[in-house]
*Asks:* 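My structure is below; once you've seen it, I'll send some questions.
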There are 2 protein chains.
Amino acid sequence: MNSPHFSTKERILGAAEELFARNGFAGASLRELTATAKVNLAAVNYHFGSKDNLVNEVFRRRLDELSAQRLHLLQAVLAKPKPTLEEILAAFIHPALLLSLDKSGGATFVRVLARAYAEHNERLRKFLSENYGHVLKEFAAAFGAQLPHLDKEELYWRIDIIAGALTYAMADFGVIKRRAAMSEKIHRERAAEHLIRFAAAGLRAE
Amino acid sequence: MNSPHFSTKERILGAAEELFARNGFAGASLRELTATAKVNLAAVNYHFGSKDNLVNEVFRRRLDELSAQRLHLLQAVLAKPKPTLEEILAAFIHPALLLSLDKSGGATFVRVLARAYAEHNERLRKFLSENYGHVLKEFAAAFGAQLPHLDKEELYWRIDIIAGALTYAMADFGVIKRRAAMSEKIHRERAAEHLIRFAAAGLRAE
DNA sequence: TTATGATTCAAACGGTCGTTTGGTTTTACC
DNA sequence: GGTAAAACCAAACGACCGTTTGAATCATAA
């Protein structure tokens, strides 16, 4: 991740992902971060303006593609004659599954996402809401069409908990360890299947 | 929580619980904490030795009772002729449910627990493992007797994820909001029921 | 080759952190 | 009421934080 053929910005983003996952956003200092990335201390402020903005860019680098994949899959599902709740859920969950299987930092990033979910950071939540809130809105509309008896507030809360459960299931935070005989890939896919069944039941509740 | 008829130690513990839940362990400074508790800055180091040890004591104050309740219920379940997986799970989950319903800080503490789960803090994990690891061991034994086909490692991981799911379900981290017509108590009890069903299925998997 | 803008760098800035100190006040007991 | 321990307090300590500065270095195009 920090090898010399990566640009300074890329080395910083890679080191940031690694250290944010391990120590949290406040716990990762720019001094340790720039040492890991083998760049000068001032490089973060030069290239990203501030530590806060570096945090934003760490998310942007991964979430742009994640959101695009989700919306693309959702579009395909909604084009079907009779889309099911499970198919919509899969459109939401499978891109995150792929990210968690990515070998070049994606798996680390999923842990950073889990951090963000737990930290309740207002500034970060605002950034995520402004930049990726429309994705949740589109899924909420799709779910809402399947579940007309649910009021909007209830629906948003349920989607929120699904996003949280997904994040934690994909992060390495004490998740079920795979059997030795089962590949990481298959293990994660099984986890996604369980999640989809669980979430579908949760959405249909009452 | 900080009213004058509480002792200095109790006011510090109360403020710590509040600020740890809101800002995390690193994010809560002793200066803000002692101001909230209306005690001198030096009081934390005088009464608790260090900030790290204060963190430990915040956990000890609640977990001693939680662990005792869990073990007591487990004992009662195992005394039955044919204990079920669901009953063992209830012995684990119901005390946490009661804590989350507690009006004098218990609900706040559950959010602190969720923080600890996400932070992966090695020092804190060691403290929790040394002081409350035996509780997980006893439950693991009880689950293991019900699920003899599971190897020990697999079993521990599954219990770990149940503890995590429980913690997050009981914390206010984006959890499903209750319907206006439903009391907080009943809402939480429903959540616990769902959790027990989900966890039982997860444990029985394969 | 030289001029120009982008990048890197060592050093320092002001601020906040957890902790320690040494003295003052309060408490509890003979 | 005197005394010793416990508790409290203002102030300061050294360490680390994110950020800024201004000069050195690099890349590139005239």
Side-chain angles (χ1 to χ4, degrees), chain A residues 1-59 112 115-116 119 121-124 126-127, chain B residues 1-61 112 115-116 119 121-124 126-127:
Chain A
M1 183 54 62
N2 305 320
S3 47
H5 57 276
F6 284 101
S7 73
T8 297
K9 280 181 107 167
E10 282 165 340
R11 290 212 305 285
I12 290 175
L13 286 169
E17 206 164 54
E18 193 65 40
L19 291 182
F20 289 162
R22 196 182 320 145
N23 304 325
F25 305 106
S29 79
L30 291 188
R31 281 168 176 79
E32 184 181 2
L33 197 157
T34 51
T36 303
K38 298 195 199 308
V39 302
N40 185 269
L41 169 60
V44 168
N45 286 277
Y46 176 76
H47 285 286
F48 296 94
S50 68
K51 183 184 178 180
D52 274 353
N53 195 57
L54 170 62
V55 174
N56 290 353
E57 293 307 313
V58 166
F59 282 94
V112 177
R115 285 269 188 191
E119 290 212 4
N121 180 312
E122 208 43 57
R123 198 198 51 76
L124 185 55
K126 193 177 169 224
F127 169 81
Chain B
M1 183 55 61
N2 304 323
S3 47
H5 58 275
F6 284 101
S7 74
T8 297
K9 280 181 107 168
E10 283 165 340
R11 291 211 306 283
I12 290 174
L13 285 170
E17 205 163 55
E18 193 65 40
L19 290 182
F20 288 162
R22 196 181 322 144
N23 304 326
F25 305 107
S29 79
L30 291 188
R31 281 168 176 81
E32 183 181 4
L33 196 157
T34 51
T36 303
K38 298 195 199 309
V39 303
N40 185 270
L41 169 60
V44 168
N45 285 278
Y46 177 76
H47 285 286
F48 296 95
S50 68
K51 183 184 178 180
D52 274 352
N53 195 57
L54 170 61
V55 174
N56 290 353
E57 293 306 314
V58 165
F59 282 95
R60 192 194 304 280
R61 182 171 66 147
V112 178
R115 285 266 187 193
E119 290 212 3
N121 181 311
E122 208 43 57
R123 197 199 51 76
L124 184 55
K126 192 175 171 228
F127 169 81

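Every chain is numbered from 1 and lettered A, B, ... according to where its sequence line falls, protein lines coming before strand lines.
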*Asks:* Given atom OH of Y46(B) and atom C1' of dT24(C), what is their separation to the nearest angstrom?
*Replies:* 13 Å
*Asks:* E10(B) side chain to S7(B) main-chain N or O, any donor-acceptor pair under 3.5 Å?
*Replies:* yes
*Asks:* What does A28(A) touch in the nucleic acid at a heavy-atom separation under 4.0 angstrom: a base, only the sugar-phosphate, or nothing?
*Replies:* sugar-phosphate
*Asks:* Picking from dA10(C), dC8(D), dC17(C), which would you name as closest to the side chain of N40(B)?
*Replies:* dC8(D)
*Asks:* Nearest-Å distance, CZ (F48(B)) to P (dA7(D))?
*Replies:* 12 Å
*Asks:* Side chain of N45(A), heavy atoms from C-beta onward: which of dT7(C), dT19(D), dT19(C) has the nearest atom to it?
*Replies:* dT19(D)
*Asks:* Without decimals, in angstroms, what is the distance between L30(B) CG and dC16(D) C1'?
*Replies:* 15 Å
*Asks:* Can you tell me how far C1' of dA12(D) sits from CG of L41(B), to the nearest Å?
*Replies:* 11 Å
*Asks:* Roughly how many Å is it from NZ in K9(A) to P in dA6(C), rounded to a whole number?
*Replies:* 13 Å
*Asks:* Determine, for E57(A) against K9(A), whether the closest basic-nitrogen to carboxylate-oxygen distance falls under 4.0 angstrom.
*Replies:* no
*Asks:* Would you mind telling me which of dT19(C), dT20(D), dT7(C) lies closest to the side-chain atoms of A42(A)?
*Replies:* dT20(D)
*Asks:* If you compare all heavy atoms of V39(B) against all heavy atoms of T8(B), which two are closest, and at what distance to 0.1 Å?
*Replies:* CG1-CG2, 3.7 Å
*Asks:* Is the backbone N or O of F25(B) less than 3.5 Å from a side-chain atom of R115(B), with the two atoms forming a donor-acceptor pair by type?
*Replies:* no
*Asks:* Can you check the I12(B) CD1 to dC9(D) P distance for me, whole Å?
*Replies:* 10 Å
*Asks:* So does T8(B) get a side-chain nitrogen or oxygen closer than 4.0 Å to the phosphate oxygens (OP1/OP2) of dC8(D)?
*Replies:* yes
*Asks:* Can you identify which nucleotide, out of dT8(C), dC17(D), dT19(C), has its nearest atom closest to the S29(A) side chain?
*Replies:* dC17(D)
*Asks:* Determine: side-chain N/O of H47(A) to OP1/OP2 of dA6(C), distance under 4.0 Å, yes or no.
*Replies:* no
*Asks:* Starting at atom CG of N53(A), determine the distance to atom C1' of dG18(D), rounded to an integer number of angstrom.
*Replies:* 14 Å
*Asks:* For the side chain of K51(B), starting at C-beta, report the closest nucleotide among dA10(D), dG18(C), dT8(C).
*Replies:* dG18(C)
*Asks:* Just how far, in rounded Å, is C1' of dG18(C) from CD of E32(B)?
*Replies:* 15 Å
*Asks:* Where the side chain of K51(A) meets the backbone of A28(A), is there a donor-acceptor pair that is under 3.5 Å apart?
*Replies:* yes
